[in-house]
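Single-structure report; data block below.
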Amino acid sequence: MLDAKTLFACLMVAELAGGAILAFLFLFWKHPNAGTRWSTGLWSMAYIIGGTGTFLLGLRGTLPDEVTLVLANFLILFGTGLRRSAIASFFDAPRRIWIAVAVGGLWLLLCLVPQFRNSLIARVNFNEAMMVLLVAWTIWLSIRLNGEKLYTPVIYTISSAFECCAYAGMALYFSVSSYPDYLTSFRSFGLPYLLLAVLVSMVLSMISVVAMIIERSLLKYQQQALEDALTGLPNRRAFLQQSETMKGKLANGAQFAVIVFDLEEVKSIKQTFGRAMGDAILKLFGSVCREAATPNRIPGRLSDEEYALFCCGAEAEEMETLANRLMRRFSVSCHEAAGGKLKPEVSTGIVLANSEHTVERVLEIADRAVRHAKNDANTKVKIFRLDENDRAQPTEIRGYARLTPGHVSV
């Protein structure tokens, strides 16, 4: 048979253990952002404070009521309020810790009223109502603010909803049973099952909180694995994945293009002016590519000096105009940033294909087009088109001479 005192002790141990685990994560886990670190600390404090309140509540009858009644329930309510602040911080929303202070303060004020303090039903109804309100608030925040589409907040929502039901059941049970005092209720038949529901739901909530922290960290590592560290653009793997995904949404036979830019003389710039200057040049071109991004364009950095732009529904003249516009913007920006000392040139290859071709195959042809552009003294842009037989055909629209700051020859 279930024992209320044993379950009460288990609830206390679970809260304190959960708080200790979260404290360990707060101190030693490499958090992906400040919001996650703050939330981990707040969750840890919430469960430790709540567990301490549960411990004091379990000492009812052995210590003064000011400790086992007033202080214990204040800690429980304050800890539950911190859980609301923790979930808000996790999703980078305002923490508003004052809400937890206000709920706890309201309890202290009500305890000054003899009619409230001497009524078990009034105390239980207030506490359980506040618990339901605060936990339901965390559910609403986890649903509303989950812009990252994490999976673990869904588990947290379900477990917290179960916890709300357990608190509501507790209030209903005490209202119907009309026990004369708190200690008498421990000998009842129904209380152990309600405590078991609270224990199970709270343990599930703690597990889901830890899982949320881990999932976000893993997601951050995955993003870093697909992101170029210097420019923040998608790296080659991410560029291919995103481009193939976008291409897959095109109608059968629809056209797309890949523009590959190769920055010349960056190595010599690093040797002459230092690595920092070379990196600044690479970052500058990365920002130029990022500015060109639209819902139908994906920029990426393929290698040290090679960048790419995937474009849907592209025409040859439009892509050539776009490439030259980006090259000119880069050249002018370099000229202004370096006071005219640096004039890095860009060789560009453009390949147009239909949705039957893979992006990787188109990149291969674009690299070939870049080599042609490097060897051509008259133009720095070469355009190829892949036909149905997977053959690359040169496409001439108009020739562009090498770009110089503030000047484009046609």
Side-chain angles (χ1 to χ4, degrees), residues 222-223 225-264 266 282 285-286 288-290 292-327 330 345-376 379-400:
Q222 290 174 354
Q223 291 174 344
L226 297 174
E227 183 180 280
D228 176 61
L230 182 64
T231 63
L233 293 174
N235 60 20
R236 187 182 187 91
R237 180 192 299 178
F239 176 79
L240 287 171
Q241 290 178 353
Q242 295 177 22
S243 299
E244 283 291 351
T245 300
M246 184 176 288
K247 182 178 73 72
K249 298 177 182 179
L250 297 175
N252 188 32
Q255 186 168 271
F256 70 91
V258 172
I259 307 175
V260 173
F261 303 94
D262 189 285
L263 276 61
E264 301 178 27
V266 173
L282 295 172
F285 195 82
V288 169
C289 290
R290 188 180 294 105
T294 68
N296 293 322
R297 295 177 190 165
I298 299 174
R301 187 184 182 198
L302 304 182
S303 62
D304 188 36
E305 301 170 4
E306 196 172 58
Y307 296 76
L309 192 64
F310 175 92
C311 306
C312 292
E315 296 297 334
E317 186 171 351
E318 177 191 356
M319 291 299 97
E320 187 185 32
T321 300
L322 172 62
N324 279 280
R325 177 166 58 85
L326 297 182
M327 292 162 63
F330 171 65
E345 297 176 342
V346 183
S347 297
T348 304
I350 303 174
V351 177
L352 296 97
N354 58 46
S355 57
E356 297 175 357
H357 297 96
T358 66
V359 177
E360 192 163 8
R361 170 60 176 161
V362 175
L363 273 179
E364 180 185 335
I365 304 302
D367 285 334
R368 188 190 308 174
V370 168
R371 291 196 295 272
H372 280 272
K374 285 184 177 181
N375 296 327
D376 194 320
T379 179
K380 301 303 290 181
V381 179
K382 287 293 183 179
I383 306 176
F384 284 76
R385 186 185 298 273
L386 271 175
D387 61 20
E388 298 80 5
N389 298 317
D390 200 39
R391 291 178 299 188
Q393 303 292 338
T395 300
E396 293 295 337
I397 303 298
R398 54 188 179 183
Y400 283 81

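Residue numbers start at 1 and run along the sequence shown.
Phe256 has its side chain out of reach of Met246: every pair of non-hydrogen atoms, C-beta onward, lies at least 4.5 Å apart. Inter-residue side-chain proximity for Leu322 and Leu309 is flagged as met; some heavy-atom pair is nearer than 4.5 Å. Counting heavy atoms from C-beta outward, Val351 and His357 have side chains that stay 4.5 Å or more apart.
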**Request:** Assess whether side chain to side chain contact (heavy atoms under 4.5 Å, CB included) is satisfied between Val288 and Tyr307, documenting all intermediate values.
**Result:** CA-CA 11 Å; Val288 169; Tyr307 296 76; over 6 Å; no

**Full working for side chain to side chain contact (heavy atoms under 4.5 Å, CB included) between Leu282 and Asp304** = CA-CA 8 Å; Leu282 295 172; Asp304 188 36; 3.7 Å; yes

**Message:** What verdict does the side chain to side chain contact (heavy atoms under 4.5 Å, CB included) test give for Met319 and Ile383, after you've listed the backbone C-alpha separation in whole Å, the side-chain angles of each residue and the deciding distance to 0.1 Å?
**Reply:** CA-CA 9 Å; Met319 291 299 97; Ile383 306 176; over 6 Å; no

**Request:** Evaluate side chain to side chain contact (heavy atoms under 4.5 Å, CB included) for Asn252 paired with Glu356, printing each intermediate quantity in order.
**Result:** CA-CA 7 Å; Asn252 188 32; Glu356 297 175 357; 4.2 Å; yes

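Contact between Glu227 and Gly232 at its shortest, heavy atoms only, is CG-O, 3.5 Å. Of all the heavy atoms in Ala316 and Leu352, the pair that sits closest is N-CD2, 3.5 Å. When all heavy atoms of Ile350 and Ala369 are compared, the closest pair comes out as N-CB, 4.3 Å.
Classification of the Phe261-Phe285 ring pair by plane angle, with boundaries at 30° and 60°, yields perpendicular.
Within the model, atoms CG of Leu326 and OG1 of Thr348 stand 8.5 Å from one another, a figure rounded to the nearest 0.5 Å. We find the CD1-CZ distance between Ile365 and Arg385 to be 14.0 Å, quoted to the nearest 0.5 Å. Rounding to the nearest 0.5 angstrom, the gap separating the SG atom in Cys312 from the CD atom in Gln255 is 11.0 Å. Remark: Ile298 CD1 to Gln241 CD distance equals 11.0 Å, nearest 0.5 Å. Rounded to the nearest 0.5 Å, atoms NZ (Lys247) and CG (Leu240) are 11.5 Å apart. Put simply, CZ on Phe239 and CG on Leu226 are 13.5 Å apart, with the number rounded to the nearest 0.5 Å.
At most 12 heavy atoms of other shown residues, nucleotides or ligands fall within 6.0 angstrom of atom CD in Glu360. Crowding of Arg290 atom CZ: a count of heavy atoms from other residues, nucleotides or ligands under 6.0 Å exceeding 12.
The residue from Lys374, Arg368, Arg301, Lys382 that alone fulfils the salt bridge (charged side-chain N to carboxylate O under 4.0 Å, His left out) condition with Asp262 is Lys374.
Between the side chain of Glu244 and the backbone N or O of Val359 there is at least one donor-acceptor pair closer than 3.5 Å. Judged by distance alone, the side chain of Asn235 and the main-chain N or O of Ala225 form a donor-acceptor pair under 3.5 Å.
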